[in-house]
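In what follows, a structure is listed as structure tokens, so that the remarks can point back to it.
Keep in mind that this is a model prediction, so the values were computed, not measured.
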Amino acid sequence: MERIKVLKSLIVNFPIFWSWGYRITKILTILVDEGQEQKAIEALSTFEKPLVIDEYLKENDIAEMFANNRSQAVFYLLSQKNKRTERILDFLQLAVSTSYVKGNPVSVIPIVITSKAMLLDEREMHFMISIDGDWSNFNLHYREIVPDAKDINSAEILYREVVPPSDDIANIMNLANIMIYLKDRNVDMREQRFMMIRNLISSNENLQAYEGLEELFLYLLEQWIGENAEMVMVCELPCVDNNAYNHLAETLFYTDDYVFMHEILFQKITKSSESQYPINALKMALKNAEILITESKSSVYTTKMNFYREMGMFDRKRMLKFQRSKLSRPGEMDIIDAISL
């Protein structure tokens, strides 16, 4: 519930962050359980009638949804992949990457809701958040997460001192979390400021405090395999059968040298640590330790996994690519061999 609360704070308070110079340059995409899509839209909507993009709308009509909109997200329910859905995703990508729609500045957030992770594999412009479970019990009025003007004004200088305006969505998510703290009347301003600094600093993936986080990931991976070994699917590349293809987000793909993992699976494995360490901090630590392999001169952590589907059709999906030999501690069994026992 806390993650949903932070998301709603992000939506409602984003016009404030936008006025301070913060930007979101990726489409915020929320992966939910099947059947929870509409409930998620209703839970995150600021008002009773959500703004939802219909795939048959013309671009001018979609642009109108962004106009004169100050504290309401624009939602898009992604349930299939065709030319119409591609057109809308391209439109939303352009909106977030430029902060403009049809020449007008965009100070609201487009949000994609989906239960089908495989539809997102080739999209680098998504910032994905996976939230399992039932959304129907979440009911939070926007007034409960919008601080008083005097608190917002007193906090702006502190925000700018700790984290300059940027397009790092992790920083902005922390700002959304801080707005919730500001609204809490049981916490005095001194304590609020302490929590602001703690949360803002925790979003900086370059801090020395994050050195050694690769060991935390190896521990979480080992723990996750121990708890889920019988349910984990593995698939040897380059051939991917239909069962593995239909469960991309639940399968470990491997070669003699590498292991490929979907972003959603990485989030599940590291879920217990997310309250302490941003997910990008873990990735940065893994990259620095040469455990996570990325494309040269790329700002993204995923890389393209090439494979052949049944009937010999070539395909590729974006995955997190790990050095197989480094995913196991010295003297311990290889990760794929351990799962395959």
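Across all non-hydrogen atoms, the minimal contact from W135 to Q36 is N-OE1, 2.9 Å. Nearest heavy atoms, A244 versus T251: O-OG1, 4.0 Å.
At a cut-off of 3.5 Å, with distance as the only test, a side-chain donor of Q223 or Y219 sits close to an acceptor on the other residue. A donor-acceptor pair shorter than 3.5 Å can be found between the side chains of D134 and S136. Neither side chain, Y254 nor R324, offers a donor N or O lying under 3.5 Å from an acceptor on the other.
In this structure, R309 satisfies the cation-pi test against Y245, with its NZ or CZ atom closer than 6.0 Å to the six-membered ring centre and inside 45 degrees of the ring normal.
The side-chain heavy atoms of L89 and F91, taken from C-beta on, include no pair separated by under 4.5 Å.
From M319, atom CE reaches atom CD of E263 across 10.5 Å, with rounding to the nearest 0.5 Å.
In this structure, the side chain of S19 engages the main chain of I16 through a donor-acceptor pair within 3.5 Å.
Remark: aromatic rings of F253 and Y258 are distant, center separation not under 6.0 Å. Ring pair Y100/F66: centre-to-centre distance not below 6.0 Å.
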Checking T85 against E55 for the side chain to side chain donor-acceptor pair (under 3.5 Å) test, could you report, in this order, the C-alpha distance in whole Å, the side-chain angles of both residues, the deciding distance, and whether it holds? CA-CA 6 Å; T85 60; E55 65 181 52; over 6 Å; no

